[in-house]
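This report refers to the structure that appears directly beneath it.
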Number of protein chains: 2
Amino acid sequence: MTDYYKGYGQFYVSVDCVVFGLNEGRLSVLLTRRAFDPGQGRWSLIGGFVRPTESLDTAAHRVLSELTGLDDIYMQQVGAFGEIERDPGARVVSVAYYALVNFDAHDRRKVEEHNGAWVDLSELPELVFDHPQMMAEAMARLRTRFLTEPIGLTLLPASFTLSQLQALFETVLGRPMDKRNFRKRAMEATCIEPTGEKDRLSSKRGAALYRFNPEVYERDRKFKF
Amino acid sequence: MTDYYKGYGQFYVSVDCVVFGLNEGRLSVLLTRRAFDPGQGRWSLIGGFVRPTESLDTAAHRVLSELTGLDDIYMQQVGAFGEIERDPGARVVSVAYYALVNFDAHDRRKVEEHNGAWVDLSELPELVFDHPQMMAEAMARLRTRFLTEPIGLTLLPASFTLSQLQALFETVLGRPMDKRNFRKRAMEATCIEPTGEKDRLSSKRGAALYRFNPEVYERDRKFKF
DNA sequence: TCAAAAGTGTTCAGGGTACACCCATGG
DNA sequence: CCATGGGTGTACCCTGAACACTTTTGA
């Protein structure tokens with residue numbers, strides 16, 4: 001460790017995660033009420049300070065693991081937020097991430113323990129600090145990736161119907177999609193393969209179930225909606 | 001300032017800028033040889049520590065202003081880099097940016113004073129720390145924006161020929177483009193308007209000069225290559 | 001007169017979009 | 001038997017890509 005850096009300011013560094021999940025077919029985000037001031041009691045993204053022993057990515061994974069019990073989560077950095085007064089409590093530079101979790105697989109008890117709550121995207125409460133910007137930016141990134149990479153499939157259960165998939169695309173992209181065109185593209189994506197099973201819950205006729213095959217995706221890289 | 005945050009680690013936070021400029025028609029980046037250890041003498045992006053009185057964006061602008069004398073520079077954040085050992089001298093979280101500067105307008109003396117040097121992109125030296133990743137990521141972002149937003153025009157002199165513009169696109173995107181298709185699209189971009197002048201330097205026949213009109217761009221938003 | 005860059009339209013193929021009806025079944 | 005969601009193909013348009021020759025003029 002050299003002496004040169006001495007004399008420059010140091011800052012708290014935190015991570016904040018926009019965690020998306022599909023709760024009862026509705027796109028939701030995991031929020032929490034802040035446990036301390038500033039902003040105690042207000043809605044906040046889930047986050048935490050980066051420890052000296054952690055990289056930014058590691059810190060984000062830890063925070064997510066603590067809250068959901070999941071270790072293998074799709075996660076992307078959104079960017080750094082560093083306005084001077086963004087956190088009135090202290091100078092904190094925060095790095096935002098977004099994550100996609102499989103709702104069925106996560107540990108609801110942990111969420112409760114940490115005062116977390118899944119909130120429907122269409123009913124977002126007012127968020128603390130600059131979390132609204134983080135949210136908006138995360139959403140924008142999610143949308144652009146959604147059409148060209150099979151990240152949306154991580155939100156769905158292991159087997160799913162094409163109607164579920166289409167509904168997911170429609171909520172994320174915020175626009176209706178043509179059923180026949182959608183299914184045509186799904187058929188062209190070789191990584192979406194039929195399980196042979198039928199889902200008999202959501203319709204009388206029953207809908208074919210599909211699963212995502214990551215190996216096939218790595219091989220073909222065909223995914224275009 | 002609350003006491004809650006006490007007890008968490010604090011870090012140095014820096015900004016690092018990938019500064020693109022068009023030097024003699026060649027796409028170049030502004031680099032510097034590090035003036036101190038760790039990595040003294042090695043090639044580095046230009047950067048500096050964020051001060052307590054600055055936001056991240058402000059710090060990036062200051063660093064750029066100090067080196068080029070320019071205050072109104074197109075700049076975009078690339079992301080935060082925070083591996084523990086990325087800087088062996090201390091724990092430093094760095095936020096990368098890329099910037100596009102008008103080569104003719106910048107202050108070369110300041111560059112020299114700071115040991116800066118414009119290096120042709122095709123002759124990039126080995127860079128210090130994780131600067132190669134920052135560089136690669138900046139380049140990737142530049143490329144994706146280049147086709148849909150008129151950011152490339154900030155690299156060119158106030159008036160330019162379509163050949164110059166095409167050459168710029170070709171170097172940034174790294175592929176040849178069809179001349180007729182290119183010019184057709186340039187004509188459709190109403191924000192690229194003829195000055196009425198001719199450039200007689202680069203060809204015997206002389207080429208029509210064009211300028212970029214930001215107001216027209218704001219109005220029409222037509223720019224697609 | 002020749003070398004060097006400027007300038008100019010058309011054709012074709014492929015992808016994206018729009019669109020409507022029958023099927024299977026549980027209640 | 002009917003209401004509900006599942007499942008299927010085609011026609012058109014438009015955008016993107018390929019392509020070659022004439023013009024101007026300084027050396």
Side-chain angles (χ1 to χ4, degrees), chain A residues 22 24-26 143-144 146-149 156-157 159-190 192-211 220-225, chain B residues 22 24-26 143-144 146-149 156-157 159-190 192-211 220-225:
Chain A
L22 205 55
E24 310 281 333
R26 302 216 133 289
R143 284 209 180 95
T144 51
F146 220 75
L147 290 167
T148 53
E149 285 180 60
L156 291 170
S159 65
F160 51 87
T161 69
L162 293 188
S163 297
Q164 287 177 296
L165 185 61
Q166 180 173 349
L168 173 59
F169 271 75
E170 290 180 333
T171 44
V172 168
L173 301 174
R175 60 178 161 93
M177 299 176 88
D178 180 89
K179 184 165 57 156
R180 278 178 285 193
N181 294 335
F182 185 88
R183 297 171 93 93
K184 198 188 308 170
R185 302 220 181 89
M187 292 308 154
E188 286 159 5
T190 48
I192 299 176
E193 27 180 60
T195 64
E197 307 282 299
K198 280 208 172 211
D199 166 57
R200 311 215 57 93
L201 295 171
S202 59
S203 87
K204 317 201 160 167
R205 177 176 174 177
L209 285 166
Y210 293 81
R211 78 169 78 85
D220 300 358
R221 294 260 156 195
K222 270 192 199 167
F223 191 88
K224 189 74 201 305
F225 281 86
Chain B
L22 206 54
E24 311 280 333
R26 301 217 133 291
R143 284 211 181 95
T144 50
F146 220 75
L147 290 166
T148 52
E149 285 180 60
L156 292 171
S159 64
F160 51 86
T161 69
L162 293 187
S163 297
Q164 285 177 296
L165 185 61
Q166 181 174 348
L168 173 59
F169 270 75
E170 290 179 334
T171 45
V172 168
L173 300 174
R175 60 179 161 93
M177 299 176 88
D178 180 90
K179 183 164 58 155
R180 277 178 286 191
N181 293 335
F182 185 87
R183 296 170 93 92
K184 198 187 308 169
R185 302 218 182 90
M187 293 308 155
E188 286 160 4
T190 48
I192 299 176
E193 29 181 58
T195 63
E197 307 282 298
K198 280 209 170 208
D199 166 57
R200 310 215 58 93
L201 295 170
S202 60
S203 87
K204 316 198 160 170
R205 177 176 174 177
L209 285 167
Y210 293 80
R211 79 169 78 85
D220 299 358
R221 295 259 156 195
K222 270 192 198 169
F223 191 88
K224 189 75 201 305
F225 281 85

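Residue numbers start from 1 in every chain, and the chains themselves are labelled A, B, ... in the order their sequence lines are given, proteins ahead of strands. Being a predicted model, the structure only gives us computed values, none of them experimental.
- Which of dA6(C), dT25(C), dG6(D) sits closest to the side chain of Ser203(B) comes down to dA6(C).
- Rounding to whole angstrom units, CG of residue Leu165(B) and C1' of dG7(C) are separated by 15 Å.
- When every heavy atom of Phe182(A) is checked against every heavy atom of Leu162(A), the shortest pair comes out as CE2-O, 3.9 Å.
- Gln166(B) CD to Asp178(B) CG: the interatomic distance, rounded to the nearest 0.5 Å, is 7.5 Å.
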- Query: Taking protein heavy atoms under 4.0 Å as touching, what does nucleotides 8-18 of chain D look like 5' to 3' if B marks base contact, S marks sugar-phosphate-only contact and - marks none?
  - Reply: BBB-----SBB
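- Put simply, the side chain of Arg205(A) and the base of dA24(C) share no donor and acceptor less than 3.5 Å apart.
- Taking 4.5 Å as the limit, some side-chain heavy atom of Ser163(A) sits within range of a side-chain heavy atom of Arg183(A).
- The interatomic distance linking Arg200(B) (CZ) with dT24(D) (C1') rounds to 8 Å, in whole Å.
- With contacts defined as side-chain heavy-atom distances shorter than 4.5 Å, the pair Glu188(A)/Lys224(A) does not qualify.
- In this structure, CG of Asp199(B) is placed 9 Å from P of dA6(C), rounded to the nearest angstrom.
- Atom CD of Gln166(B) and atom C1' of dA5(C) are 12 Å apart (whole Å).
- In the set dA5(C), dG5(D), dG26(D), dG26(D) carries the atom at the smallest distance from any side-chain atom of Lys204(B).
- Side-chain contact, Asp199(B) with Thr161(B): no donor N or O sits under 3.5 Å from an acceptor N or O.
- Using a 4.5 Å cut-off on side-chain heavy atoms (C-beta onward), Phe223(A) and Ile192(A) make contact.
- Using a 4.0 Å heavy-atom criterion, one finds that Ser163(A) contacts the sugar-phosphate atoms exclusively.
- Axis orientation changes by 0° from one end of the helix from dT1(C)-dA27(D) to dG27(C)-dC1(D) to the other, with each end axis drawn from 5 pairs and the value rounded to 10°.
- As rounded to whole Å, 10 Å separates atom P of dT17(C) from atom CG of Leu147(A).
- Rounded to a whole Å, the CG atom of Leu201(B) is 14 Å from the P atom of dA5(C).
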